[in-house]
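Residue numbers begin at 1 in each chain, while the letters A, B, ... track the order of the sequences. No experiment lies behind these values; they were computed from the predicted model shown.
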Number of protein chains: 2
Amino acid sequence: MNTSTDLLIGEFSRTLDDRFRLSLPPELTGPLTASGSRMVLAKERAGCLSLWPAAIWKPRIDAAVDVVRSKLQAGLLTQRVGQLQDLGRLLSTRHKAVTLAERGRLVVPEGFREFLAVEPGADLLVVGAAVCVELWQPAAWTAFVTAEMPEFRRRIDELTT
Amino acid sequence: MNTSTDLLIGEFSRTLDDRFRLSLPPELTGPLTASGSRMVLAKERAGCLSLWPAAIWKPRIDAAVDVVRSKLQAGLLTQRVGQLQDLGRLLSTRHKAVTLAERGRLVVPEGFREFLAVEPGADLLVVGAAVCVELWQPAAWTAFVTAEMPEFRRRIDELTT
DNA sequence: ATTCGCTTTGGGTAAGAAACCCACAAAAAA
DNA sequence: TTTTTTGTGGGTTTCTTACCCAAAGCGAAT
């Protein structure tokens, strides 16, 4: 059994079935589901979806939303309704709650398929990103790797010094 | 049951029926109708209609109109009759009272169909925008999301600080 | 005022999607 | 080789959605 302090690391190739189902490797689902099978799927960067444990994602976003909600209730945002609308709209489309089915299987919901630009039957890369798991469109993944790999040494130095 | 302080959040795909009726998802109608089923449908931006609880929309617009009316009465607008005319015209067409039928069903009224540029049977996106629900033409929605998503962080900071 | 016709509204139902469950096959471990 | 674990496919059931039809409301015209 894994604890929640384990980093999610590893790169795996998977294929979407015709119902947009994807099974995650046990090496990642173990640590991921340590705090329950409720997850959040988020559009954070192009060609990639991030899968976060709800226990980590929700508190982060809820804190911000709570501030907004209490301001709204206090009447502090009546001059900024337009901004509030804009934010609400982005919140609506940016992330969605999902749950892992048996055998670590995930359904990529409508709206996220188009974002990833994948067809049923497409190949994906499932990549551990330390604190979350990411689903990458293959072309976007190779582009990321070639662009960022030279920075590896600098990045590790940044975080270890 | 929901309170009026809940933010309206969520993205759903729906299709207009042949009589321009649209059924809203229960996740949104619940909070929306917390203060009654009287709504206002408004043209706020191109390719999109906003649906507001009348309890929120009416006070806001009435307050503004009252200011204009008293200014007019005080003779402060005699130099700006043209502007006033323009405003009156927009007030006439910008919003319209509607009521949700049973099953959260809404009729998109004449005059608003053309604004959305939709045919009967068209697909729409129903999006929560924190304080109201919006009906988006699909092309306009994807344009908005791609343009505004990079601003997400900035927008949340604006409203929480 | 009454009747006829059209438009609008409500509800039943069928088609479709999603969740759940199981089974088989391939791969890894014993 | 045998056994267990894991990935993939498919079947079934249940719920939602949208289409269609019937009834009611409204307006007009005789």
Side-chain angles (χ1 to χ4, degrees), chain A residues 1-2 8-34 36-41 49 51 54 96-116 118-128 133 135-136 138, chain B residues 10-33 36-39 41 51 96-114 116 118-128 133 135-138:
Chain A
M1 185 55 63
N2 283 286
L8 294 156
I9 298 296
E11 182 190 9
F12 307 85
S13 174
R14 286 296 127 96
T15 69
L16 272 183
D17 73 9
D18 54 350
R19 295 190 219 170
F20 292 97
R21 293 181 297 183
L22 178 72
S23 63
L24 306 179
E27 290 89 337
L28 295 177
T29 53
L32 245 197
T33 58
S37 66
R38 302 173 64 84
M39 303 282 148
V40 172
L41 196 62
L49 295 176
L51 183 68
K96 173 160 189 174
V98 296
T99 66
L100 289 193
E102 86 314 337
R103 226 169 273 277
R105 194 141 61 162
L106 169 77
V107 179
V108 179
E110 165 107 87
F112 292 76
R113 304 165 188 173
E114 300 76 5
F115 182 82
L116 256 192
V118 289
E119 305 282 308
D123 281 343
L124 288 183
L125 284 142
V126 181
V127 181
V133 169
L135 317 178
W136 284 82
Chain B
E11 183 189 13
F12 308 86
S13 174
R14 284 296 128 97
T15 69
L16 276 181
D17 79 7
D18 51 344
R19 305 258 163 83
F20 292 97
R21 291 185 296 183
L22 179 71
S23 63
L24 304 179
E27 291 89 335
L28 295 177
T29 53
L32 243 198
T33 58
S37 66
R38 301 172 65 83
M39 304 281 148
L41 195 63
L51 183 68
K96 174 160 192 176
V98 295
T99 66
L100 288 194
E102 77 332 325
R103 285 203 237 178
R105 198 145 57 163
L106 169 77
V107 180
V108 178
E110 167 102 306
F112 291 76
R113 304 164 188 172
E114 301 74 9
L116 256 193
V118 288
E119 306 282 309
D123 280 345
L124 289 183
L125 284 143
V126 181
V127 182
V133 168
L135 317 178
W136 284 81
Q137 185 197 354

(request) Heavy atoms of chain A, cut-off under 4.0 Å: which first and last nucleotide of DNA chain C, 5' to 3', fall inside that, if you could look? (result) C:dA19 to C:dC22
(message) Working to the nearest 0.5 angstrom, can you tell me the gap between B:Met39 CE and B:Thr99 OG1?
(response) 9.0 Å
(request) Could you tell me whether B:Arg38 atom CZ has more than 12 heavy atoms of other residues or ligands within 6.0 Å of it? (result) no
(request) For B:Pro120, check side chain to side chain contact (heavy atoms under 4.5 Å, CB included) against everything at least two apart and list the hits. (result) B:Phe20
(request) Find the distance between OG1 (A:Thr33) and CG (A:Leu28) and round it off to the nearest 0.5 Å. (result) 10.5 Å
(message) In the structure I gave you, are the side-chain heavy atoms of A:Val133 and A:Val126 within less than 4.5 Å of one another anywhere?
(response) yes
(request) With rounding to the nearest 0.5 Å, note down the distance linking NZ in A:Lys96 to CG in A:Leu49. (result) 12.5 Å
(request) Count the heavy atoms belonging to other residues, nucleotides or ligands that lie under 6.0 Å from CD of A:Glu119, then report whether that count exceeds 12. (result) no
(request) Check whether any side-chain heavy atom of A:Val118 sits under 4.5 Å from a side-chain heavy atom of A:Val108, and report yes or no. (result) no
(request) Enumerate the residues from residues 98-106 of chain A whose closest heavy atom to DNA chain D is under 4.0 Å, giving them by residue number; use none for an empty result. (result) A:Arg103, A:Arg105
(request) Check each residue of residues 8-24 of chain A for a non-hydrogen atom within less than 4.0 Å of any atom in DNA chain D, then write out the ones that pass by number, or none. (result) A:Arg14, A:Thr15, A:Asp17, A:Arg19, A:Arg21, A:Ser23, A:Leu24
(message) So, using side chain to side chain donor-acceptor pair (under 3.5 Å) as the criterion, who are the partners of A:Glu11 when residues are at least two apart?
(response) A:Trp141
(request) Looking only at non-hydrogen atoms, find the nearest pair between A:Glu110 and A:Glu114 and report the distance. (result) OE2-OE2, 3.2 Å
What nitrogen or oxygen pairs link the protein and nucleotides 24-28 of chain D at under 3.5 Å?
none

(message) When you compare the side chain of A:Arg14 with that of A:Leu106, does any pair of heavy atoms fall below 4.5 Å?
(response) no
(message) A side-chain contact here means heavy atoms from C-beta on lying under 4.5 Å apart; do B:Leu51 and B:Leu135 qualify?
(response) no
